[in-house]
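In what follows, every chain begins at residue 1, and chains take the letters A, B, ... in the order their sequences are listed.
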Protein chains: 2
Amino acid sequence: MADVSSARVAAYLREAILGGDLKPGMRIRQEEIAAKLGASRLPVREALRTLEAEGLTESEPHKGARVPRLSQHEVEVIYRMRERLEPLALLESLPLLGATDHERLEEVQRQIEANDDLEKFLDLDREFHMLTYSGCAIEPLNQNVVRLWNSTQHYRRAYVALGGQNRMWVVNAEHRLILDAVVRRDATDAERFLEGHIRRTRNELAHHPEVFE
Amino acid sequence: MADVSSARVAAYLREAILGGDLKPGMRIRQEEIAAKLGASRLPVREALRTLEAEGLTESEPHKGARVPRLSQHEVEVIYRMRERLEPLALLESLPLLGATDHERLEEVQRQIEANDDLEKFLDLDREFHMLTYSGCAIEPLNQNVVRLWNSTQHYRRAYVALGGQNRMWVVNAEHRLILDAVVRRDATDAERFLEGHIRRTRNELAHHPEVFE
DNA sequence: TGGCACAGGATTGGATCCAAAATCTACCCA
DNA sequence: TGGGTAGATTTTGGATCCAATCCTGTGCCA
């Protein structure tokens with residue numbers, strides 16, 4: 001599913017949702033998307049099914065698709081899932097990362113530290129973490145990690161936009177610890193620092209209920 | 001998506017894959033399924049997309065869908081994911097389970113102990129665990145747990161068929177410990193026993209490479 | 001004025017038809 | 001006899017059309 005039309009539609013919708021153009025609660029009309037992409041409704045329907053299973057949309061029969069709205073508690077549990085799953089992905093990935101990956105990580109982290117654009121930060125942060133997992137070849141695990149990131153993307157954006165940037169130095173310090181552990185191939189440290197990184201984020205989110213409207 | 005045709009098709013295929021009629025590596029032809037269910041190919045296509053995202057099928061453009069074949073290492077990592085995620089689901093569920101649920105659990109466990117049919121054991125075992133998670137209202141977590149169970153169903157069956165029934169008393173002892181912790185509402189114990197239960201199964205699987213052909 | 005019922009439009013679900021790609025088969029040639 | 005290639009068949013991907021359901025707005029009546 002690469003050159004295929006339904007894949008293009010799925011990619012477009014994914015981008016739109018993760019990019020914040022389609023916000024939680026918004027309805028997605030098949031015809032509208034089809035017209036915008038110059039395709040028929042069929043690929044749109046298939047794409048929506050795919051996204052539904054990725055947790056990016058939800059749909060009821062004859063009622064159509066929407067971007068799901070998550071409660072604060074749901075987001076909190078998703079973060080707890082991340083705390084448990086991502087260290088496992090890192091554990092699988094770490095031994096397979098080479099010098100080139102380490103340099104790329106270093107480069108991305110430098111970009112994060114030099115950056116001051118919020119939207120760009122979200123992309124770079126995601127790239128940093130995904131790079132650390134890029135050695136993991138277990139597809140179900142990779143898919144899960146991506147799904148969890150996707151489903152909280154909107155709330156992460158809201159949090160950062162709400163003033164999370166004051167705490168950016170904490171993020172950078174934690175990234176540095178993770179990066180160092182990865183380069184040293186210290187799985188125990190890497191797991192611990194990563195878990196702490198996610199847990200801290202969860203705690204900060206818990207103290208900002210305004211992110212959830 | 002309840003009365004809808006594509007949901008019926010998805011349910012049928014799910015059953016066929018979990019029931020072992022469609023084995024890993026087997027190809028799924030849209031026309032064939034459509035004819036068998038008296039529907040057109042369209043609902044089948046949508047169903048396949050859904051199942052694909054559930055990890056029950058995989059597909060390449062113009063090549064069609066297959067039941068994925070997992071390596072021993074992949075199954076092992078999926079079990080590690082279960083070790084981390086299912087205790088979380090139990091944690092969320094436990095406080096919300098009532099006396100009725102406890103009785104139902106007790107009843108299912110009695111059936112497992114009285115049962116000697118392998119196929120039936122798989123169903124009952126699944127029902128037992130799913131019941132313990134049934135209080136958890138976090139959809140992404142529930143979906144994940146189901147997906148992980150689904151994707152290893154075939155290998156679980158192969159293991160049980162290969163003589164796992166000698167160790168049935170261990171399963172029952174562990175289920176009893178979990179059940180007791182659930183009734184006592186002891187989250188710490190429940191998490192610990194459940195995690196141990198899954199880890200032991202993973203270890204036993206690791207010593208039976210013949211399950212993976 | 002407020003609520004309910006009905007009708008019309010809008011939107012999704014399903015079937016059939018056509019196009020494109022992949023697989024299979026048979027044949028040719030070394 | 002074995003391998004490769006070209007064509008035929010199968011199978012999947014996409015578009016259009018029709019049916020079923022849902023939503024909305026209007027009007028009627030208490």
Next item on the list: Go through the structure and list residues passing side chain to side chain contact (heavy atoms under 4.5 Å, CB included) with Asp116(B), not counting sequence neighbours.
Entry: none
Next item on the list: Only counting residues at least two apart or in another chain, list the ones meeting ring-ring contact (aromatic ring centres under 6.0 Å, His included) with Tyr155(B).
Entry: Phe212(B)
Checklist line | Five-pair end axes of the helix from dT1(C)-dA30(D) to dA30(C)-dT1(D) and the angle they enclose, rounded to 10° | finding: 20°
Check: Which residue pairs satisfy the ring pair (Phe, Tyr, Trp, His ring centres under 6.0 Å) criterion with at least one member in residues 87-130 of chain B, sequence neighbours excluded?
Finding: Phe128(B)-His175(B), His129(B)-Trp149(B), His129(B)-His175(B), His129(B)-His197(B)
Item checked: Residues which pass salt bridge (Lys or Arg N to Asp or Glu O under 4.0 Å) with Glu15(B), listed by chain and number, not counting sequence neighbours -> none
Check: If you look only at pairs with a residue in residues 19-35 of chain A, which of them pass as a side chain to side chain donor-acceptor pair (under 3.5 Å), with sequence neighbours excluded?
Finding: Gln30(A)-Arg41(A)
Checklist line | Which residues share a salt bridge (Lys or Arg N to Asp or Glu O under 4.0 Å) with Glu74(B), sequence neighbours left out | finding: none
Checklist line | Sequence-aligned protein contact record of nucleotides 8-14 of chain C, with B where the base is within under 4.0 Å of a protein heavy atom and S where only the sugar-phosphate is | finding: ---SBBB
Next item on the list: Can you sort out the partners of Thr201(B) under side chain to side chain contact (heavy atoms under 4.5 Å, CB included), two or more places apart, ordered by chain and number?
Entry: Tyr79(B)
